[in-house]
J.: 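Please read through the structure below; I'll follow up with questions.
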Amino acid sequence: MRIATWNVNSLRARVDRTLAVLERWDLDVLAIQETKCRDEQFPFAAFAGAGYEVAHTGLSQWNGVAIASRVGLDDVATSFPGQPGFRKPLTGSAPPATLLDVEPPVEARAIGATCGGVRVWSLYVPHGRALDDPHYRYKLAWLERLHDAARDWAVDPGAQVALLGDWNVIPLDTDVYDVADFAGKTHVSPLERTAFGAFAEVGYTEVTREHVPAEHAYTYWDYQRLAFPRDKGLRIDFAWTTAALAERVRSVRIDREERKGKGASDHVPVILELAD
DNA sequence: ATGGCTACCTCGGGTAGA
């Protein structure tokens, strides 16, 4: 079984590239992030034509996550238990007191489905924006709540769970072209790195590192400043799996070629080959 | 020193990404 994760950075702008990735890697399952569309805008027919069922959640032009599968797609969940919401802080005059009590909306950043016996989650962790931005606190809370949910999913030692996606965390200094460029910014702060690493304490293994231990093995390159030709990238797309699933991983590959050419996403697919 | 790109909304320029 082959399963992959990819932040496609707008699905509608890259339907052809996405179908080509499915075919090139002979994928059974693809976890997609940043579809940037609402459900009614999602090109389901193109995927069906290629033999894939799709579960998608998208509420606006932002975020949006999906799972495409040709090995079944059961028990779809469009958020995880306890997933925090976010709303920009209100500006100007104070709203009526009743509005203050309204929970911020849960964003389309997590979708889960069971595919071929594996509980797959496609996750788009909030960016954080800046260390003094409310979005940063949201990011930390989001990772904590995900950790709590993931702990529950891993209680059964035979559970096969894969947490796939764009984690928006640079876990090691060698996961970035120059960590000095990130001083005082998000993605490298101790709190983020601790929140990311905490999944190891509740039964999960980050299998992409295990199989691709090389330093500077990036999964993202900025569109700006010729980042890709200069290989100034980041490693921020990962796969935490339960022990029973980690045992099945035979290889992990980073599809660096996908960053080339006109119309590339700024992220590339990460592919896991699983033993049957 | 700044922004340098791409995509979304929609046809000008704001929001977001990392």
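Remember, predicted model here, so these are calculated numbers, not experimental data. Chain identifiers are assigned alphabetically (A, B, ...) following the order of the sequence lines, protein sequences preceding nucleic acid strands; residue numbering begins at 1 within each chain. All values below come from the heavy atoms of this structure, side chains included, with hydrogens, waters and symmetry mates left out.
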J.: Just the rounded figure in Å: distance from C1' of B:dT6 to CZ of A:R225.
T.: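 Going from A:R225 (CZ) to B:dT6 (C1'), I get 13 Å.
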
J.: Heavy-atom nearest nucleotide on DNA chain B for A:G263 versus A:F182: which residue maps closer to 5'?
T.: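 Closer to the 5' end of DNA chain B: A:G263.
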
J.: C1' atom, B:dC11 versus B:dA7: distance in rounded Å?
T.: 15 Å

J.: If I pick the C1' atom on B:dG3 and the same atom on B:dG17, what distance separates them, to the nearest angstrom?
T.: 15 Å

J.: Distance check, P atoms only: B:dT15 and B:dT10, in whole angstrom units.
T.: 15 Å

J.: Has A:R14 got a side-chain N or O lying under 4.0 Å from the OP1 or OP2 atom of B:dA7?
T.: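 Looking at the OP1 and OP2 atoms of B:dA7, one of them is under 4.0 Å from a side-chain N or O of A:R14.
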
J.: Would you indicate, yes or no, if B:dC9 has its OP1 or OP2 atom less than 4.0 angstrom from a side-chain nitrogen or oxygen of A:Q41?
T.: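 For B:dC9, OP1/OP2 do have a side-chain N/O of A:Q41 under 4.0 Å.
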
J.: Could you tell me how far apart A:D166 (CG) and B:dG17 (C1') are, to the nearest whole angstrom?
T.: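 Those two atoms, CG and C1', are 10 Å apart.
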
J.: Would you please confirm or rule out a distance under 4.0 Å between OP1 or OP2 of B:dA18 and any side-chain N or O of A:N168?
T.: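 The answer is yes; a side-chain N or O of A:N168 sits under 4.0 Å from OP1 or OP2.
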
J.: ring-ring contact (aromatic ring centres under 6.0 Å, His included) with A:F238: which of A:Y220, A:F196, A:W167, A:Y204?
T.: A:F196

J.: In terms of side-chain geometry, is the basic nitrogen of A:R70 or A:E53 positioned less than 4.0 Å from the acidic oxygen of its partner?
T.: no

J.: For B:dA18, does either OP1 or OP2 sit under 4.0 Å from a side-chain N or O belonging to A:Y177?
T.: no

J.: Is it the case that A:T35 and A:H56 place a side-chain donor and acceptor less than 3.5 Å from each other?
T.: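 Their side chains do contain a donor-acceptor pair, which is all the 3.5 Å distance test asks for.
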
J.: P atom, B:dG14 versus B:dG4: distance in rounded Å?
T.: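 One P to the other, the span is 13 Å.
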
J.: Can you work out whether A:T186 or A:R38 has the more 5'-proximal nearest nucleotide on DNA chain B?
T.: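 In this pair, the answer is A:R38.
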
J.: Any N or O donor-acceptor pair under 3.5 Å from the base of B:dA18 to the side chain of A:H187?
T.: no

J.: Would A:Y136 and A:D132 satisfy side chain to side chain donor-acceptor pair (under 3.5 Å), going step by step from the backbone distance to the final call?
T.: CA-CA 7 Å; A:Y136 176 70; A:D132 61 354; over 6 Å; no

J.: OP1 or OP2 of B:dA16 less than 4.0 angstrom from a side-chain nitrogen or oxygen of A:H135, does that happen here?
T.: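 For B:dA16, neither OP1 nor OP2 has a side-chain N or O of A:H135 closer than 4.0 Å.
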
J.: One pair to check against salt bridge (Lys or Arg N to Asp or Glu O under 4.0 Å): A:E273 and A:R2. What are the steps and the verdict?
T.: CA-CA 5 Å; A:E273 175 87 40; A:R2 269 195 197 166; 2.6 Å; yes

J.: Return the nearest nucleotide to the side chain of A:W62; candidates are B:dG4, B:dA7, B:dT15.
T.: B:dT15

J.: Taking only the P atom of each, what is the distance from B:dA1 to B:dA16 in whole angstrom?
T.: 28 Å

J.: Which of these nucleotides, B:dC8, B:dA16, B:dG17, is closest to any side-chain atom of A:Q61?
T.: B:dC8

J.: Tell me which one of A:V8, A:I67, A:T18 satisfies side-chain contact (heavy atoms from CB on, under 4.5 Å) with A:L30.
T.: A:T18

J.: Within this structure, what is the CG-to-P distance between A:L234 and B:dA18, rounded to whole angstrom?
T.: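 These atoms are roughly 9 Å apart.
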
J.: Nearest-Å distance, OH (A:Y220) to P (B:dT6)?
T.: 12 Å

J.: To the nearest Å, how far apart are A:K139 NZ and B:dA16 P?
T.: 16 Å

J.: Which part of the nucleic acid does A:N63 contact within heavy-atom distance under 4.0 Å: base, sugar-phosphate only, or nothing?
T.: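 The answer is nothing, as A:N63 stays clear of every strand by at least 4.0 Å.
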
J.: Using atom C1' in both nucleotides, what's the gap between B:dG12 and B:dC8 to the nearest angstrom?
T.: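 One C1' to the other, the span is 14 Å.
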
J.: Nearest whole Å is fine: how far is B:dG17 C1' from A:E107 CD?
T.: 13 Å

J.: Is any side-chain nitrogen or oxygen of A:R129 closer than 4.0 Å to OP1 or OP2 of B:dG17?
T.: yes

J.: Hey, does A:Y124 reach any base, or is it just sugar-phosphate, or nothing, if we go heavy atoms under 4.0 Å?
T.: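 Sugar-phosphate contact only.
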
J.: To the side chain of A:Y223, which of B:dC5, B:dC9, B:dA18 is closest?
T.: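 Looking only at heavy atoms from C-beta outward on A:Y223, the closest nucleotide is B:dC5.
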
J.: Please tell me whether A:R119 and A:T114 have a donor and an acceptor in their side chains that are separated by less than 3.5 angstrom.
T.: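 There is such a pair between these side chains.
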
J.: Looking at B:dC8, I'd like to know if its phosphate oxygens (OP1 or OP2) sit under 4.0 Å from a side-chain N or O belonging to A:S10.
T.: yes

J.: Once you round it to whole Å, what is the distance between P of B:dG17 and CG of A:D266?
T.: 12 Å

J.: From CG of A:D222 over to P of B:dT6, roughly how many Å is that when rounded to an integer?
T.: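 Result: 10 Å.
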
